[in-house]
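Remarks on the structure that follows.
Remember, it's a predicted structure, so these values are computed and weren't measured experimentally.
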Amino acid sequence: MAPTDSAYEGLVRRLRNLEDKEALRTLLVRGWRALDRKDWQTWIDCWAEDAVLEFGPWGETHGKEAIRATVEEAEAPYPGMQHHILNMQFEVEGDRASGIGYMWFVAVTAPETTSATYSMGGAYAWDFRRGPEGWLLVRQQLDVRWTGGEDSLKAFEPEIPLPAGEPGGQARPHV
């Protein structure tokens with residue numbers, strides 16, 4: 001029995017949805033692995049020109065170049081880093097998509113020893129837009145929920161210390 005037109009169209013829609021979700025996953029993994037190498041250009045190429053980065057006491061950063069400058073300044077001092085993106089889930093609606101996932105970040109804080117580390121974890125929320133060149137990140141929110149070790153480089157401290165108990169008062173943001 002030959003498939004009907006509607007069955008074929010349903011199969012095409014499901015396949016497109018799976019391909020879109022894999023493209024979003026690939027975009028994030030490529031970008032965040034680039035952060036580990038301090039390849040700022042590859043990372044920022046994952047972002048739209050009008051993107052917004054939002055996290056904790058740093059508030060919102062608007063625009064691709066401002067996002068790059070903020071993150072590069074924060075992460076460049078670390079001798080080594082690993083960005084882990086876990087439990088990613090995406091919803092695709094045409095040329096728009098949203099996603100959630102967990103972040104686990106570990107950084108070496110002293111060049112003379114790899115045992116001096118700082119780590120943090122939290123929840124991501126993303127919004128994406130498909131354009132002529134493919135999917136791009138248009139918004140990222142990060143809710144840092146825990147930290148471990150000492151951030152001796154102080155790269156993720158807010159500019160104005162917030163009292164404990166205030167929103168963002170104990171969390172240190174990270175992308």
Worksheet item: Do the ring planes of Phe128 and Trp135 sit parallel (below 30°), tilted (30 to 60°) or perpendicular (above 60°)?
Response: perpendicular

Worksheet item: Are Arg25 and Glu22 within salt-bridge range, i.e. N to O under 4.0 Å?
Response: yes

Worksheet entry | Beyond-backbone contact of Val12 with Tyr8, side-chain heavy atoms, under 4.5 angstrom | yes

Fill in: Point-to-point distance, once rounded to the nearest 0.5 Å, from CG of Leu28 to CH2 of Trp126
5.0 Å

Practice prompt. Could you tell me which non-hydrogen atom of Pro77 sits nearest to which non-hydrogen atom of Ala74, and how far apart they are?
Written response: CD-O, 3.5 Å

Worksheet entry | Flag side-chain contact, heavy atom, 4.5 Å: Leu53 against Trp47 | yes

Discussion item. Looking at Arg145 and Asp143, is any side-chain nitrogen of the basic one under 4.0 Å from a carboxylate oxygen of the acidic one?
Written reply: yes

Item to complete: Check whether more than 12 heavy atoms from other residues, nucleotides or ligands sit under 6.0 Å from atom CD of Glu73, and answer yes or no.
Response: no

Worksheet item: Looking only at heavy atoms, what is the nearest atom pair of Ala48 and Arg129, with distance?
Response: CB-NH2, 3.3 Å

Discussion item. For the backbone of His83 and the side chain of Asp36, can you confirm whether one donor and one acceptor N or O come within less than 3.5 Å of each other?
Written reply: yes

Discussion item. Let me check something: do Val138 and Phe55 share a hydrophobic cluster, defined by ILVMFWY side-chain heavy atoms less than 4.5 Å apart, either directly or through other members?
Written reply: no

Worksheet item: So how far is it from Glu65 CD to Thr70 OG1, rounded to the nearest 0.5 Å?
Response: 11.0 Å

Worksheet, complete the sentence: For Trp40 and Leu35 the tightest heavy-atom approach is CZ3-CD2, 3.7 Å

Discussion item. If hydrophobic clusters are built by linking Ile, Leu, Val, Met, Phe, Trp and Tyr wherever their side-chain heavy atoms come under 4.5 Å apart, do Met120 and Met88 end up in the same one?
Written reply: yes

Worksheet item: Is the closest side-chain donor-acceptor distance between Asp151 and Tyr78 under 3.5 Å?
Response: yes

Discussion item. Nearest 0.5 angstrom please: His62 NE2 to Glu60 CD, how far?
Written reply: 4.0 Å

Worksheet item: For Arg33, does the CZ atom sit with more than 12 other heavy atoms under 6.0 Å from it, leaving out its own atoms?
Response: no

Practice prompt. Please check if the side chain of Thr61 supplies one atom and the backbone of Ile67 the other of a donor-acceptor pair under 3.5 Å.
Written response: no

Discussion item. As an exercise, state the distance from CG of Leu137 to CG of Asp45, rounded to the nearest 0.5 Å.
Written reply: 12.5 Å

Discussion item. Can you confirm if the aromatic rings of Trp104 and Tyr102 lie within a centre distance of less than 6.0 Å?
Written reply: no

Worksheet, complete the sentence: Output for pair (Leu153 CG, Glu75 CD), nearest 0.5 Å, gives 11.5 Å

Worksheet item: Side chains of Met103 and His84: does their closest heavy-atom pair fall under 4.5 Å?
Response: no

Fill in: Heavy-atom pair of closest approach, residues Cys46 and Leu27
SG-O, 3.5 Å

Fill in: Test item: Lys38 side-chain N/O and Met81 main-chain N/O as donor-acceptor pair under 3.5 Å
no

Worksheet item: Are there more than 12 heavy atoms of other residues, nucleotides or ligands under 6.0 Å from atom CD of Gln41?
Response: yes

Fill in: Val106 reachable from Tyr118 in the ILVMFWY side-chain graph, under 4.5 Å edges
no

Worksheet item: What heavy-atom pair brings Trp146 and Ser119 nearest, and what distance separates the two atoms?
Response: CZ3-OG, 3.5 Å

Item to complete: State the CD-CD1 distance between Gln141 and Ile100, to the nearest 0.5 angstrom.
Response: 12.0 Å

Worksheet item: Are the side chains of Val92 and Lys21 in touch, meaning some heavy atoms are under 4.5 Å apart?
Response: yes

Fill in: Shortest non-hydrogen separation from Thr113 to Ser115 and the atoms involved
OG1-OG, 2.9 Å

